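So that the names make sense, note that chain A is the first sequence line, chain B the second, and so on, each numbered from 1. These numbers were taken from a predicted model, which means no experiment stands behind them.
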Amino acid sequence: MTRSLIESQPKLSMIDQSLEWFRTMCRIRRFDETIDELFAQGKVHGTTHLYIGEEAVATGAIATLKPGDVITSTHRGHGHNIALGGDIRAMMAELLGRSSGYCHGVGGSMHIADQALGNLGANGIVGAGLPIAVGAALGFQMRQEPHLVLAFAGDGALNEGAFHEAANLAAIWHLPVVFVVENNQYGMSGSVKEMFAIGHLADRAVGYGIPATMVDGMDIFSVWEAASQATQEVRNGHGPRLIEAVTYRYKGHSKSDANRYRTREEIQQWRQRDPLDHVRQYLEDQGVEAAALDRIRHEEIQAVAQALEFAEASPWPDASTLEEAVYAPEEVDHA
Amino acid sequence: MTRSLIESQPKLSMIDQSLEWFRTMCRIRRFDETIDELFAQGKVHGTTHLYIGEEAVATGAIATLKPGDVITSTHRGHGHNIALGGDIRAMMAELLGRSSGYCHGVGGSMHIADQALGNLGANGIVGAGLPIAVGAALGFQMRQEPHLVLAFAGDGALNEGAFHEAANLAAIWHLPVVFVVENNQYGMSGSVKEMFAIGHLADRAVGYGIPATMVDGMDIFSVWEAASQATQEVRNGHGPRLIEAVTYRYKGHSKSDANRYRTREEIQQWRQRDPLDHVRQYLEDQGVEAAALDRIRHEEIQAVAQALEFAEASPWPDASTLEEAVYAPEEVDHA
Amino acid sequence: MPEMTYAAAVRSAMEWEMAKDPRVFIMGEDIGVYGGAFGVTMGMVDRFGKTRVRDTPIAEEGIVGAGIGAALVGMRPIVELQFSDFIMNAMDQVVNQAAKIHFMFGGRMSVSLVLRGPAGAGTGAAAQHSQSLEAWFHHVPGLKVVMPAFPDDARGLLLAAIRDPNPVLFYEHKLLYKVKGDVTESDAAQPLGQGMIRRYGRHATVVTYSLMVHRVLDAALQLAKNGWDVEVIDLRSLVPMDIPLIVDSVKRTGRLAICHEAVGRGGIGGEIAARILESEAFDFLEAPLLRITGLNTPVPYSPPLEAAFMPSVDRIAQSLETWLTREVVQS
Amino acid sequence: MPEMTYAAAVRSAMEWEMAKDPRVFIMGEDIGVYGGAFGVTMGMVDRFGKTRVRDTPIAEEGIVGAGIGAALVGMRPIVELQFSDFIMNAMDQVVNQAAKIHFMFGGRMSVSLVLRGPAGAGTGAAAQHSQSLEAWFHHVPGLKVVMPAFPDDARGLLLAAIRDPNPVLFYEHKLLYKVKGDVTESDAAQPLGQGMIRRYGRHATVVTYSLMVHRVLDAALQLAKNGWDVEVIDLRSLVPMDIPLIVDSVKRTGRLAICHEAVGRGGIGGEIAARILESEAFDFLEAPLLRITGLNTPVPYSPPLEAAFMPSVDRIAQSLETWLTREVVQS
Ligand SMILES: Cc1ncc(C[n+]2csc(CCOP(=O)(O)OP(=O)(O)O)c2C)c(N)n1
Ligand SMILES: Cc1ncc(C[n+]2csc(CCOP(=O)(O)OP(=O)(O)O)c2C)c(N)n1
Ligand SMILES: [Mg+2]
Ligand SMILES: [Mg+2]
């Protein structure tokens, strides 16, 4: 039902695929680094949640999707939309509040989503995307379409009632949905150690009868493997799956975070296991030249710079038509 | 902090205790049978949810409480309040909407609760009592009081977000609360087989790190034993516990239920294992005369009849002061 | 034109649209074999099967969210709230998601979703099962709110609601379910946003909707015996609201009364009053506003208390008569 | 009288009451070492410990419910909502539980609970984090609603809210947190339900609250330069609301304008208008109502759009001036 830029996997060799991933991860990182700088310079309004450090999760999981599949995203959603193939110019413009942005400046950081690519929405409300994901999966199942839904959620979101109700619906109706839990150790300042009384978040899935696995979210190969297996099982009609990807957020929760709840050492330790370095190492080990990898990185740095130029050159939106934009005059094309 | 009629256990022998239980269960049954008749005769307004068949759960679990402990109840709450020692005259009057009712006729069936005995509220909203239970437990813990909270919930309530958030809070804060899940096989017409993808509801507790047990809810000795152990552990500071009591509702969900979702045979089968018969059998086996047991039953039938007379003779409430009753002029005594 | 109950008219609209459009389905608690708490969906599962007439767990946030998700991939879900009060458990999905998605994502998505269920008091269901919460939702940009008073309107407006590309709250008053009326069983939807004058009159305009339309009409008959002649407007849809109809009427009658069952304070009566007070009708106003509403209390249980909570025909007639006597003589 | 920010005044009230009354504690998301999303609780955990300044999981329904339960056993909880919008996730606990418990159980229980948090737009937080939802809650019998505009009021009214035996919603506008003012650091609470005339004037009464008090006062200064003299009422508390103060003022000025940031349709302006239209002030009204409010849209993100959503000093001044010019000359 949708134009989709998601390529199916088989035609790529592991090296080609890894090169693609490396490119995507460089793009995500550079995009969010740029946003970080813009905030530091006071050039952006509002707040934002950066995906830096977690690139392997979105990239690896989304790499397993096929045309027609969809995702639901979160407040920390830039990485998801980029991994899906989203246009970083429209993303940057949205962040700068310009009319050429994905939402014509109406949405901002927390509402960037390319619906034509299958992104059913980033979401400012923690956990709120999960019942929506389940509903999309229900739609696919009712129409007997082979698509599935990848539903992203933070560790913190797992304590919201919305997660609970969504997980149970998915389980009892055997819906084609994979919950991808980005366990980056904290929900804002709340550490998973204090906010959960279970060792592994994946264990929570037991209570719904949903099979779950835990993977190293800093290692894209692990993420991809787990997601491949989960999506395969879901496509085979075995019902929902949950993946806990253990990862880390390098930057503060949002723009105003003094990091009082964690130590510099902890951040430093996680940075040692950088997901970009990891895939880069693999590629170098496979004989890919460092220069080729640098070139990819620079191309992405360039692309992000161009996106910023594009955004800055774009006009501001016009407030006079706001009230007309509230109700849909007719149905919009669907993902 | 509260006047409580809950007696502590040790001074009663098992026979004395069982006689007490038998009395309580007869009272609950007769009370709800009477309500059923009143509805059939069109003498009561609104709707009601009868506890008939489930008497062993409230009676056995509440028997483990000590003075100062509290409970939260549900829409199916008559049995809880009676087991706690509630005044059936004030209950009956409330159901008949009279000014001598617990809530002066304002509340009705779903809001009968004797707060002075530690009942923090029946609740018309499925699952809503659970976060409240957790808050009461938090209050006790913060004040370092030895009390605990018994939080009743139906099987259906376990699929509400409120249960989820409450369970997690209880677990991470090691709160003194025992969740008593009355698994009567259905949430209205929704069978646990269709609404859960797990075999035993107790397994849901795993996802929070809460130890749980499943017991035969038609057997008061099992309920009492499980609740004794759970409350003991909670009192020893080991944090929350969950008990799944497997039971059955003989009557329709509420007054307007044609029982289309279950078979007569199923109902008949469960009735074979009647919880009153079970305790009665035990007492007879212990040498208690049938006549003595019949006497107890008749005394309770009498008591309920008197409660009904009391209620019917009570005046209707006066609407003219309703608007003044919305805000508390000052703090009310606490449970 | 067959006569049918309001409940049957609601069912008829759903069945019509489900037969016609495979995207339409309904889900909710106990709507299958049970037939719904008020019997509205009775028999539908036999005709359309368990997939399209889907029983759900007790999980309002989950099922409303699932409705949104299904709409986002092109389905047209109807979600039944067993009691409309339970919308509170799904408030985030209704207000932060369904209502905002179209606007917030820059028009890239639309949520064609109907949330329907029984509202109001009168059945002794007490404080948590008897509320009239429409005022909240008419304050939420992005939602439409429909509250028909008659079976024919219920059917025609529900067809429109299901076909609308936006989320629509469709509230059915419990005491209306058994009300009968002639119903056109056609494919023609009635457009949202058109009020209707149910009775013409010259002394005052009484604006109302849902169950209260019937009570106000009965009160108007009583008043007519005493020579008072009031005009009665049935709003039918609260968002969009037919303000021109009210303005026009008030310009003719010079007096505005509003009757709703919802709690008075902060009810929709305030918005209507403000709209008139802002409008050209201001210069025609000859009397202070009269609001006849639910008490400023939660809904009480006991029959005499519940009856006192709701505007009764007598209370409506008396309030209007006292007001008219004072104001029409004076002016 | 020390000068302090609004945020510090809110903190000062909480600390005062926590030092004095061991039953008082606060819980919420990231209120401990993080100090709260807006820094309101900064440092409190050092003084009172993690038990009484309690970080919670992201589970609004759970923590509001826990606040209710704690209140029912005699604690006096303050629950911080990280953004007041998130109250939707706890709507059932707020409305079906906290607000109704006292009434519904026949006066046997009371829920002494404060729910507080940042409201309003202006920080670019977009549609789900910028709402002004007070109109919903003033429609709910059993809740009180307080929205102070100045640091001193914030402190005094929060003391009253904590001491109140009923559930109180206490909304702090995000853009007020840094506003400074003199604050009396005493034990004296300010009673809920008293509005205050912030500026006397004869051409019109402008009723407002929270952030908009400041903008209306600035607009009034601009108008004064052109010879317009408006009276400005700061409601401070919306439930209870000081209706007599407004009636009295309108009787003097003959004109009523209302300014709030919340979406206009169904906002609290409607209720105020209706109350005046029902009152003896009706006979003194010389002009149609003027409402200056947020647009009828979700709050948009981009700076020019968000600025257009909110009533600005200029929009307020211009609206008032156009209206006064038309109406005062006419009459
Ligand atoms: C319902 C709700 N509660 C609170 C917030 C504020 N908030 C935004 S993100 C966040 C932390 C979310 O943690 P997690 O789910 O682990 O995602 P992460 O930020 O770590 O990616 C919080 C508390 C919110 N947006 N929505
Ligand atoms: C939030 C909410 N949703 C739905 C209902 C309607 N309702 C009342 S009781 C009930 C079934 C509850 O099932 P369970 O928790 O198993 O308790 P039981 O009735 O079996 O004792 C339902 C659906 C309600 N009261 N509240
Ligand atoms: Mg996290
Ligand atoms: Mg049950």
Side-chain angles (χ1 to χ4, degrees), chain C residues 60-61 85-97 99-100 103-104 126-128 131 133 135-142 239 241 256 258 262-283 285 287-291 295-298 300-301, chain D residues 60-61 85-97 99-100 103-104 126-128 131 133 135-142 239 241 256 258 262-283 285 287-291 295-298 300-301:
Chain C
E60 291 75 13
E61 184 170 12
D85 313 64
F86 307 156
I87 201 166
M88 287 183 222
N89 287 37
M91 202 70 177
D92 177 70
Q93 290 294 335
V94 176
V95 176
N96 274 333
Q97 314 298 330
K100 296 186 172 58
F103 179 84
M104 184 166 78
Q128 296 170 329
Q131 295 163 84
L133 299 171
W136 287 354
F137 301 103
H138 102 292
H139 186 45
V140 176
V239 181
M241 193 186 283
L256 173 65
I258 300 163
V263 161
R265 190 179 77 206
I268 235 162
E271 180 66 20
I272 298 172
R275 292 297 290 268
I276 297 309
L277 200 49
E278 286 166 342
S279 78
E280 68 209 62
F282 171 77
D283 288 325
L285 271 183
L289 170 72
L290 176 68
R291 284 190 292 177
L295 299 184
N296 291 320
T297 72
Y301 163 71
Chain D
E60 291 76 13
E61 184 171 12
D85 313 62
F86 306 156
I87 201 165
M88 287 184 221
N89 288 35
M91 202 70 177
D92 177 69
Q93 290 293 336
V94 175
V95 176
N96 274 331
Q97 314 298 330
K100 296 185 172 59
F103 180 84
M104 184 166 78
Q128 297 171 329
Q131 295 163 85
L133 300 170
W136 288 353
F137 301 103
H138 104 292
H139 185 45
V140 177
V239 182
M241 192 186 284
L256 173 65
I258 300 162
V263 162
R265 189 179 76 205
I268 234 161
E271 179 66 20
I272 299 172
R275 291 298 291 269
I276 297 311
L277 200 49
E278 287 166 341
S279 79
E280 68 208 63
F282 172 77
D283 288 325
L285 271 183
L289 170 72
L290 176 69
R291 284 190 291 178
L295 298 185
N296 291 320
T297 71
Y301 163 70

Ranking C:Gln93, C:Met104, C:Met91 by heavy-atom pairs under 4.5 Å to chain D gives rank one to C:Met91
Are more than 12 heavy atoms from other residues, nucleotides or ligands located less than 6.0 Å from atom CZ of C:Arg275?
-> no
Spatial distance of atom CD (D:Glu271) from atom CD (C:Glu271) [nearest 0.5 Å] | 11.5 Å
For the candidates D:Val95, D:Asn89, D:Leu277, D:Val94, which exhibits the highest count of non-hydrogen atom pairs separated by less than 4.5 Å from chain C?
-> D:Leu277
Where does D:Leu285 contact chain C at under 4.5 Å (heavy atoms): side chain, backbone, both or neither?
-> both
Any idea which of D:Phe103, D:Tyr301, D:Phe137 has the most non-hydrogen atom pairs under 4.5 angstrom with chain C?
-> D:Phe103
Quick one: what part of C:Val140 sits under 4.5 Å from any heavy atom of chain D, side chain, backbone, both or neither?
-> both
Point-to-point distance, once rounded to the nearest 0.5 Å, from CE of C:Met88 to CE of D:Met88 | 13.5 Å
Taking only residues two or more places apart in sequence or in another chain, which ones pass ring pair (Phe, Tyr, Trp, His ring centres under 6.0 Å) with C:Phe282?
-> none
Region of C:Ala287 that comes under 4.5 Å of a non-hydrogen atom in chain D = backbone
Which atoms of D:Ala281 approach chain C - backbone, side chain, both or neither, heavy atom under 4.5 Å = neither
Pairing residues for C:Gln131 by the side chain to side chain donor-acceptor pair (under 3.5 Å) criterion, not counting sequence neighbours | C:Asp85, D:Asn96, D:Lys100
Most heavy-atom pairs under 4.5 angstrom with chain C, which of D:Leu295, D:Val239, D:Leu290?
-> D:Val239
Which atom names give the shortest non-hydrogen contact between D:Val263 and C:His139, and what distance separates them?
-> O-CE1, 3.1 Å
D:Asp92 side, atom CG; C:Ile87 side, atom CD1 - distance, nearest 0.5 Å | 12.5 Å
Decide side chain to side chain contact (heavy atoms under 4.5 Å, CB included) for D:Arg265 and C:Met241; before the verdict, give the C-alpha distance in whole Å, the side-chain angles of both, and the deciding distance to 0.1 Å.
-> CA-CA 11 Å; D:Arg265 189 179 76 205; C:Met241 193 186 283; over 6 Å; no
Chain D: which of C:Pro288, C:Gly270, C:Ala273, C:Ser279 shares the most heavy-atom pairs with it under 4.5 Å?
-> C:Pro288
Kindly give the heavy-atom pair with the smallest separation between C:Glu278 and D:Leu289, and that separation in Å.
-> CG-O, 3.6 Å
Best-contacting candidate, D:Pro298, D:Pro300, D:Ala274, D:Gly142, against chain C by heavy atom pairs under 4.5 angstrom = D:Pro298
